[in-house]
Amino acid sequence: MHQGQGTPAPTAAAAASPSSRARRIARRTRDGCATTLANTLCSLLLGLLLIAAVIVFVIWLGLRPHRPRFNIASCSVAGGLDPDSSPAGASLAFNVTDRNPNRHIGIYYDAMHSSVHFYDALVASGPAFAAGWYQPNRTTTSITGLLDVLGPATTDASWPSFSAAVRAGRVPLRLQLTTAIRFRVANAFHSGRQRMHVSCDLLVGADGELLPDSVGAPCDRYI
Ligand SMILES: *[C@@H]1O[C@H](CO)[C@@H](O)[C@H](O)[C@H]1NC(C)=O
Ligand SMILES: *[C@@H]1O[C@H](CO)[C@@H](O)[C@H](O)[C@H]1NC(C)=O
């Protein structure tokens, strides 16, 4: 080593000298080693990342939140239905069971609004739960509501088909619940709030009670 630090760049003549050739070979060897080391580290890191991804995926499969399940338990229009007069003014009571199927995840619900339709005609609407509530893991609760029946009136376009359905003893109604939910994992993590619509198709008879084939029927959920 006859050239100290800070000396100018070697000239062409100096580059050809035996000592500078040795230095070049040494540098090339060192660069080669560094490349090999970097490649090994890279492979190792990629391998670790892959393993971590698989572990996260497996944990997610076990912990991933399932949406609650809803079934219609009962629905009745007090006093029954009459094919010759509007049900407006009667009260409609419903009971929907709400199952949280998650083993470790609780669900927060916002206030819930309910409405009942006969095809496109509004029959009743109102709050089912005026305030939010929390449903612990693996529990079933009942969502009940008592609504004032608003229609259809005998002058409405939907009246002839409503009257015919009452006469036939099979009135198709659609009960809809609207709320927003958040999942709670391990007392610590909350998911974002997401809107949820629950839609239950049901049949009531002329006596105003749920027909047996509708009891326990599952409701659809849209998030
Ligand atoms: C709602 O229905 C469920 C299941 O049939 C029943 O256990 C519960 O007592 C009912 N709730 C009310 C308030 O009627
Ligand atoms: C609910 O979750 C907690 C915490 O993960 C757990 O200890 C408990 O056993 C769960 N309850 C049920 C009924 O699965």
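Atoms within a ligand are numbered from 1 in the order they appear, just like the ligands themselves. Excluded from the calculations below are hydrogen atoms, water molecules and symmetry mates; all remaining heavy atoms, backbone and side chain alike, are included. The structure displayed is predicted, hence computed values, not measured ones.
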Within the structure provided, determine whether Arg138 and Arg99 are in side-chain contact (heavy-atom separation under 4.5 Å).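 With C-beta onward as the side chain, the pair touches.
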Can you check whether Pro83's main-chain N or O pairs, donor with acceptor, with Ser163's side chain at less than 3.5 Å?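 Answer holds: yes.
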Strictly distance-based, threshold 3.5 Å: is any side-chain N or O of Ser114 a donor or acceptor partner for the main-chain N or O of Gly126?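 Checked: pair present.
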Could you tell me if the ring centre of Tyr108 sits under 6.0 Å from that of His190?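 Between Tyr108 and His190, the centre distance is under 6.0 Å.
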Considering only non-hydrogen protein atoms, determine which one is nearest to [atom] and report residue, atom name and distance to 0.1 Å.
atom: atom 13 (C) of ligand 2; result: Arg138 CB, 3.8 Å
atom: atom 11 (N) of ligand 1; result: Asn95 ND2, 2.8 Å
atom: atom 7 (O) of ligand 1; result: Ser142 OG, 4.7 Å
atom: atom 5 (O) of ligand 1; result: Ala73 CB, 4.0 Å

Closest to atom 2 (O) of ligand 2 (judged by heavy-atom distance), picking from Val185, Ile105, Asn137: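 When every heavy atom of Val185, Ile105, Asn137 is considered, Asn137 comes closest to atom 2 (O) of ligand 2.
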His104-ligand 2 polar pair, N/O distance under 3.5 Å: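 Checking ligand 2 against His104, an N or O pair does fall under 3.5 Å apart.
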Tell me, yes or no, whether the heavy-atom count around Asp120 atom CG, taken from other residues, nucleotides or ligands under 6.0 Å, exceeds 12.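 Atom CG in Asp120 is not crowded, with 12 or fewer foreign heavy atoms closer than 6.0 Å.
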Is the closest basic N to carboxylate O distance between Asp220 and Arg174 below 4.0 Å?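 Arg174 and Asp220: not salt-bridged.
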What atoms in ligand 1 come closer than 4.0 Å to a heavy atom of Thr144?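 By the 4.0 Å cutoff, the relevant atoms are 13 (C).
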Using a 4.0 Å cutoff against the non-hydrogen atoms of Thr97, which atoms of ligand 1 qualify?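 Near Thr97, meaning under 4.0 Å from one of its heavy atoms, ligand 1 has 4 (C).
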Within the protein, is there a heavy atom lying under 4.0 Å from atom 9 (O) of ligand 2?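 Protein heavy atom within 4.0 Å of atom 9 (O) of ligand 2: absent.
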Could you list the atoms of ligand 2 found under 4.0 angstrom from a heavy atom of Arg103?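 Selected atoms, number and element: 1 (C), 2 (O), 10 (C), 14 (O).
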Classify the ring geometry of Tyr109 against Trp133: parallel below 30°, tilted from 30° to 60°, perpendicular beyond 60°.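 Tyr109 and Trp133: parallel rings.
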